[in-house]
Amino acid sequence: MNQPAKDQHLPLQTLVIPSDLAMVSKVEGQILQQIEQHHYSDEAIFAIKLTLEEALTNAIKHGNKCCGDKQVIVRFHVDEEQFVVYIRDEGPGFNPDAVPDPTSPDRLSLPSGRGILLMRAYMDEVAYLDDGRELYIRKWNRP
Amino acid sequence: MPDAQPHFTLETKDGICFVEFSDRKILEEIYINEIGDQLGKIIEEHRPINLLLNFRKVEHLSSAALGMLINLQKKIAGQSGRLKLSDINPQIFEVFKITRLNKVFEIHDSAAAAKASFAQA
């Protein structure tokens, strides 16, 4: 699994979940508990909660196609300075640059396709690794 | 497990269906699909509907919830009804702004202002 060189020193906790959307809130709960313990702002908590919802839902639905024998691996680190998470699915990957802009006039009335836009808006760093099979996110804890 | 509590309250008065969400979070697809189905039935039962969705209690909302709102708006537009939203807190309003859906939906600061606007042409 990938881990950028700048993050090699970060100890990561690992959660492995089945491709079941009911697991999303459980993962969110475990991570947000640690986020709150490190006194992140209300705005940061809102942003991280939204981002985890979008990222985990994408991994389960679009990556693993809700396939029961595929898993999502969540590796994360939380300290008082930053939140880092890697979310890997077992899908075929995708090209994030090929995802159309959901704010373009011809796509504004479509019911889906806004998750990546929101993650990029709220997080400090968002990148797709391994041809789109793994999502990397960083959020700094700023006052 | 899905929450046993109702996801919203409904009050019909003066030709307006006033829906106030009960949940603090409209995040998970399981819940969102339930809400969409329940509101879809209400829309069908009140053709053409004047629907006001009040977000006073809502603190979190996902892109799937936005998708549900877009689908509701299409249904309502198809029957020449009207959909308005109100009492969206600043954090959630930011989500609408980022996605530019604040230009798609008619959003009012308060339920009173939204109700009054139904009376206008």
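Everything numeric here is computed off the predicted structure, so don't read it as measured data.
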Over 12 foreign heavy atoms within 6.0 Å of [atom1], [X]:
X	atom1	result
Lys49(A)	NZ	yes
Arg100(B)	CZ	no
Lys103(B)	NZ	no
His39(A)	NE2	no

Is the shortest side-chain heavy-atom distance between [X] and [Y] below 4.5 Å?
X	Y	result
Phe46(A)	Asn89(B)	no
Arg114(A)	Leu66(B)	yes
Glu53(A)	His60(B)	no
Leu21(A)	Glu28(B)	no

For side-chain contact (heavy atoms from CB on, under 4.5 Å), just list the numbers for Val24(A) and Glu29(B), CA-CA rounded to whole Å, side-chain angles, deciding distance to a tenth of an Å, and then say yes or no.
CA-CA 10 Å; Val24(A) 171; Glu29(B) 289 221 350; over 6 Å; no
Per the salt bridge (Lys or Arg N to Asp or Glu O under 4.0 Å) rule, what does the pair list look like for residues 105-118 of chain B, sequence neighbours excluded?
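Salt bridge (Lys or Arg N to Asp or Glu O under 4.0 Å) check on residues 105-118 of chain B returns Lys84(B)-Glu106(B).
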Do [X] and [Y] land in one hydrophobic cluster if side-chain heavy atoms of ILVMFWY residues count as linked below 4.5 Å?
X	Y	value
Ile92(B)	Ile107(B)	yes
Ile116(A)	Leu52(A)	yes
Phe55(B)	Ile16(B)	no
Phe76(A)	Leu135(A)	yes
Tyr86(A)	Val72(A)	no

I'd like to know if the side chain of Glu54(A) reaches the main chain of Ser63(B), judged simply by a donor and an acceptor atom lying under 3.5 Å from each other, with no hydrogens or angles considered.
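Yes: the side chain of Glu54(A) pairs with the backbone of Ser63(B).
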Portion of Leu69(B) that has a non-hydrogen atom of chain A nearer than 4.5 angstrom:
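Leu69(B) has no heavy atom closer than 4.5 Å to chain A.
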Go through the atoms of Lys74(B) and report whether side chain, backbone, both or neither lie under 4.5 Å from a heavy atom of chain A.
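The answer is the side chain of Lys74(B).
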Kindly compute the distance separating CD (Glu94(B)) from OH (Tyr122(A)), expressed to the nearest 0.5 Å.
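Those atoms lie 5.0 Å apart.
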What distance do Ile45(A) atom CD1 and Glu59(B) atom CD have between them, rounded to the nearest 0.5 Å?
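These two atoms lie 11.5 Å from each other.
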Minimum heavy-atom separation for Ser62(B) to Leu50(A), with atom names?
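Minimum heavy-atom separation between Ser62(B) and Leu50(A): CA-CD1, 3.7 Å.
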Any residue of residues 98-110 of chain A which, by heavy atoms, sits under 4.5 Å from chain B:
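Contacts with chain B: Thr103(A), Leu108(A), Ser109(A), Leu110(A).
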